[in-house]
Amino acid sequence: MGFSSLNKTIAMLILLLATLTTLSLGQGNRGGGGGGTQVGFYSSTCPRVESIVQSAVQSAVQANPTIAPGLLRMFFHDCFINGCDASILIDGPTTEKSAGPNSLLRGFEVIDAAKSQLETACPGVVSCADIVALAARDSVVLTGGRSWQVRLGRRDGLVSQASDTANLPAFNDPISVQIRKFADKGLNTQDLVTLVGGHTIGTAACALFSYRLYNFNNTNGPDPDINPTFLPQLRALCPNGGDGSRRVALDTSSENSFGNSFYENLRNGRGVIDSDAKLWSDRRTQRYVQGFLGQASSRFNAEFGRAMVKMGNIEVKTGRQGEIRRACTATNS
């Protein structure tokens, strides 16, 4: 082989290595890739990370059960905007935290408490993004759901803009829009139906669904998808022109218990917010709801953990991307 040919071969190998490195860094940009994250990421650098986060979450949920769904929603809202990078935690008048869809989220103080303890135990090691991921899992377990192994190694993002929250799935999105928004993040229709099952815990404000009770689509009547025996209950909780901030359980009689009863309620016309109710009325999603009915609680729990792992790898920042924040409420610079 001549000198010129050798140089060309070396150049091609360098180019190939660079390409493979780029591909590796890019893994996890859509749900399920998982590039750069792994189970046990902190096993040598901060071995108590999971127990510290779990303790903080447990104390908070025992004092206030509404914290559990708040932490679960927080993870969802974080991952859907620029990936799972804790951008939702940054304070400021124009950050994601200040935006309407995030204004009622609970549990930010729990993340701050866990971070404070972790900075004492292993300073500068654990990202806020990983704390949010662990806290979501722990919230599910503390309300009766099944645990799953959380892949760690995310780094914290540097950008947080309120305007980006326009891309979040909304309470009144048609199924086609929901499917598209999830697909944009590498999540399929089964993932959509599974992850929305997180609504088995938590509540919604009357303002988000009262239009379904009185003047649905300008008909001067209720949404026909609402079970007629359920309608009086909702109207009693949310009178026409009443307090829009009043909270109503998304999964009737099960707002603090994680399980598949949410899907039973959808089948029975007892879905509270429009986007949830449509999961049963649309054939594209109904078949997945059917798969979680009845004795399928174990299947739902297993699928929920799988979908959470997949969502947790949306556009993750790893390696030299982003940073490890000293405080979760602000970037380091």
Side-chain angles (χ1 to χ4, degrees), residues 66 69-70 72-73 76-77 80 99-106 165-184 187 189-256 259-293:
T66 67
L72 182 55
R73 309 279 191 276
F76 182 94
H77 285 212
F80 261 74
N102 295 328
S103 61
L104 297 177
L105 286 179
R106 295 176 170 90
T165 61
N167 298 319
L168 281 170
F171 63 90
N172 57 353
D173 278 345
I175 290 295
S176 57
V177 174
Q178 294 186 58
I179 290 174
R180 175 181 57 78
K181 286 182 176 179
F182 275 72
D184 286 346
L187 301 170
T189 304
Q190 181 176 351
D191 298 326
L192 157 63
V193 175
T194 303
L195 289 167
V196 172
H199 286 172
T200 185
I201 55 174
T203 60
C206 288
L208 296 184
F209 64 89
S210 58
Y211 67 92
R212 299 184 67 213
L213 311 181
Y214 302 100
N215 188 27
F216 184 67
N217 288 344
N218 296 315
T219 61
N220 289 318
D223 183 344
D225 285 342
I226 300 176
N227 188 316
T229 64
F230 188 44
L231 182 62
Q233 297 179 45
L234 291 178
R235 283 180 166 174
L237 293 167
C238 302
N240 198 9
D243 181 4
S245 64
R246 183 170 185 180
R247 312 291 297 186
V248 175
L250 287 166
D251 187 3
T252 308
S253 303
S254 183
E255 64 187 275
N256 296 318
N260 66 333
S261 57
F262 170 75
Y263 299 104
E264 299 283 353
N265 279 323
L266 295 187
R267 178 184 62 178
N268 295 330
R270 299 170 71 87
V272 175
I273 59 175
D274 200 8
S275 58
D276 287 356
K278 286 185 172 77
L279 295 178
W280 179 255
S281 60
D282 192 290
R283 61 179 178 79
R284 291 170 291 181
T285 48
Q286 186 186 90
R287 67 189 185 102
Y288 295 113
V289 175
Q290 288 174 324
F292 292 141
L293 295 175

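Just so we're clear, the structure is a prediction, and the values are computed from it rather than from any experiment.
- Under the side-chain contact (heavy atoms from CB on, under 4.5 Å) rule, Val248 has a single partner from Leu234, Leu208, Thr203, Ile273, which is Leu234.
- Side-chain atoms of Ile201 and Asp251, non-hydrogen and from C-beta on, never get closer than 4.5 Å to each other.
- Between Tyr288 and Leu279 there is no side-chain heavy-atom pair separated by less than 4.5 Å.
- Arg106 places no side-chain N or O within 3.5 Å of a backbone atom of Pro69 that could act as its donor or acceptor partner.
- Smallest separation of non-hydrogen atoms from Asn167 and Lys181: O-CD, 3.7 Å.
- Although no hydrogens or angles enter the test, the distance criterion places no donor-acceptor pair under 3.5 Å between the side chain of Arg73 and the main chain of Leu105.
- A donor-acceptor pair under 3.5 Å links the side-chain atoms of Asp223 to the main chain of Asp225, judged by distance alone.
- The shortest heavy-atom contact between Ala204 and Leu250 is CB-CD2, 3.6 Å.
- Taken to the nearest 0.5 Å, the CZ atom of Phe182 stands 8.5 Å off from the CG atom of Asp191.
- Between Asn172 and Tyr211, some side-chain heavy-atom pair lies under the 4.5 Å cut-off.
- Among all heavy-atom pairs drawn from Val193 and Tyr263, the shortest one is O-OH, 2.8 Å.
- A donor-acceptor pair is defined here as one N or O able to donate and one able to accept, closer than 3.5 Å; no such pair exists between the side chain of Ser275 and the backbone of Asp173.
- Taking each heavy atom of Gly271 and Phe230 in turn, the nearest pair found is O-CE2, 4.4 Å.
- Counting only heavy atoms from C-beta outward, the side chains of Cys206 and Asp243 never approach each other to under 4.5 Å.
- Under 3.5 Å, the side chains of Asn227 and Thr229 contain a donor-acceptor pair of N or O atoms.
- Inter-residue side-chain proximity for Leu187 and Leu192 is flagged as unmet; no heavy-atom pair is nearer than 4.5 Å.
- The two residues Pro222 and Leu213 have their closest heavy-atom pair at CB-O, 3.6 Å.
- Nearest heavy-atom pair, Ser254 versus Ser261, reported as atom, atom and distance to 0.1 Å: OG-OG, 3.4 Å.
- Below 30°, between 30° and 60°, or above 60°: for His199 and Phe262 the angle between ring planes is above 60°, a perpendicular geometry.
- Formation of a donor-acceptor pair under 3.5 Å by the Asn215 side chain with backbone atoms of Thr219 is found in this model.
- Taking CD1 of Ile175 as the reference point, atom CZ of Arg180 lies at 13.0 Å (rounded to 0.5 Å).
- By the 4.5 Å heavy-atom criterion applied to side chains, Arg247 and Glu255 are not counted as neighbours.
- Within the 4.5 Å cutoff, no side-chain heavy atoms of Lys278 are placed close to those of Thr285.
- Between the CZ atom of Phe171 and the CG atom of Asp274 there is a distance of 8.5 Å, given to the nearest 0.5 Å.
- The backbone N or O of Phe292 lies less than 3.5 Å from a partner atom in the side chain of Asn260, making a donor-acceptor pair.
- With Asp282 contributing its side chain and Arg284 its backbone, the two residues share a donor-acceptor pair below 3.5 Å.
- Here the side chains of Leu168 and Asn102 are in contact, with some heavy-atom distance below 4.5 Å.
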